[in-house]
Amino acid sequence: VAMDQQGRVYVADQAGLRILVFSRDGGYLGSFGQYGNGTDNRGFGLPSGIAVDRDSYIYVVDTVFGRVLKYPPFIPAAPALDEQLPKPAP
């Protein structure tokens, strides 16, 4: 578990092979990662540790593939376009 400068909390989800991101009050903000084969940084074999530096870069320890992956700061997904547009009048 780690926290960034904005108070977002990062959790290494070993069962789901992903990183979960929550607001400081526990609201779900998103996730990233998936099962991987060790050839790129999109997937994990087993995310077993996580840290965030002062610039909000995220570091994930992947135990299965013996590596540490670095990710840019997390940006919560924007609402879907249809949620941003005003609804038509009845």
Side-chain angles (χ1 to χ4, degrees):
V1 176
M3 183 181 289
D4 68 15
Q5 297 291 331
Q6 291 75 33
R8 292 182 289 245
V9 177
Y10 299 82
V11 178
D13 175 8
Q14 294 182 339
L17 301 172
R18 61 189 173 165
I19 303 302
L20 301 172
V21 187
F22 299 93
S23 64
R24 71 177 55 208
D25 62 357
Y28 177 75
L29 297 175
S31 67
F32 62 92
Q34 60 191 11
Y35 173 75
N37 60 11
T39 60
D40 60 34
N41 67 351
R42 293 182 304 228
F44 308 115
L46 182 66
S48 59
I50 188 163
V52 181
D53 70 16
R54 67 177 173 212
D55 296 320
S56 295
Y57 281 88
I58 305 156
Y59 299 84
V60 178
V61 176
D62 185 344
T63 302
V64 168
F65 299 116
R67 60 189 182 162
V68 176
L69 300 166
K70 180 180 179 181
Y71 295 94
F74 178 79
I75 299 173
L81 181 59
D82 63 342
E83 294 175 14
Q84 297 177 39
L85 299 175
K87 301 294 180 206

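Computed from a predicted model, the values in this text were never measured in an experiment.
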Might you work through the side-chain contact (heavy atoms from CB on, under 4.5 Å) test for I19 and I50, ending with a clear yes or no? CA-CA 9 Å; I19 303 302; I50 188 163; 3.5 Å; yes
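- Counting only residues at least two apart or on different chains, the salt bridge (Lys or Arg N to Asp or Glu O under 4.0 Å) pairs with a member in residues 7-20 are D4-R8, D13-R18.
- Partners of Q14 under the side chain to side chain contact (heavy atoms under 4.5 Å, CB included) rule, at least two apart in sequence or in another chain, are L46, S48.
- Here the closest non-hydrogen pair linking A51 and A2 is CA-CB, 3.9 Å.
- Using a 4.5 Å cut-off on side-chain heavy atoms (C-beta onward), L20 and Y10 make no contact.
- In terms of heavy atoms, A12 sits closest to P47 at CB-O, 3.6 Å.
- Rounding to the nearest 0.5 Å gives a distance of 9.5 Å between CD of Q34 and CG of L17.
- Each of V21 and V1 belongs to its own hydrophobic cluster when Ile, Leu, Val, Met, Phe, Trp and Tyr are linked at side-chain heavy-atom distances under 4.5 angstrom.
- Contact check for V60 versus V68: no side-chain heavy atoms found under the 4.5 Å cut-off.
- For the pair Q6 and R24, the tightest heavy-atom approach, listed with the atom from each and the gap, is O-NH2, 3.4 Å.
- Annotation: ring-ring contact (aromatic ring centres under 6.0 Å, His included) contacts involving residues 31-53, sequence neighbours excluded, comprise F32-Y71.
- With sequence neighbours excluded, the residues satisfying side chain to side chain contact (heavy atoms under 4.5 Å, CB included) with D25 are S23.
- The heavy-atom pair separating M3 from V52 by the smallest distance is O-CB, 4.0 Å.
- Partners of R67 under the salt bridge (Lys or Arg N to Asp or Glu O under 4.0 Å) rule, at least two apart in sequence or in another chain, are D62.
- For residues 47-66, no residue pair satisfies the ring-ring contact (aromatic ring centres under 6.0 Å, His included) rule, not counting sequence neighbours.
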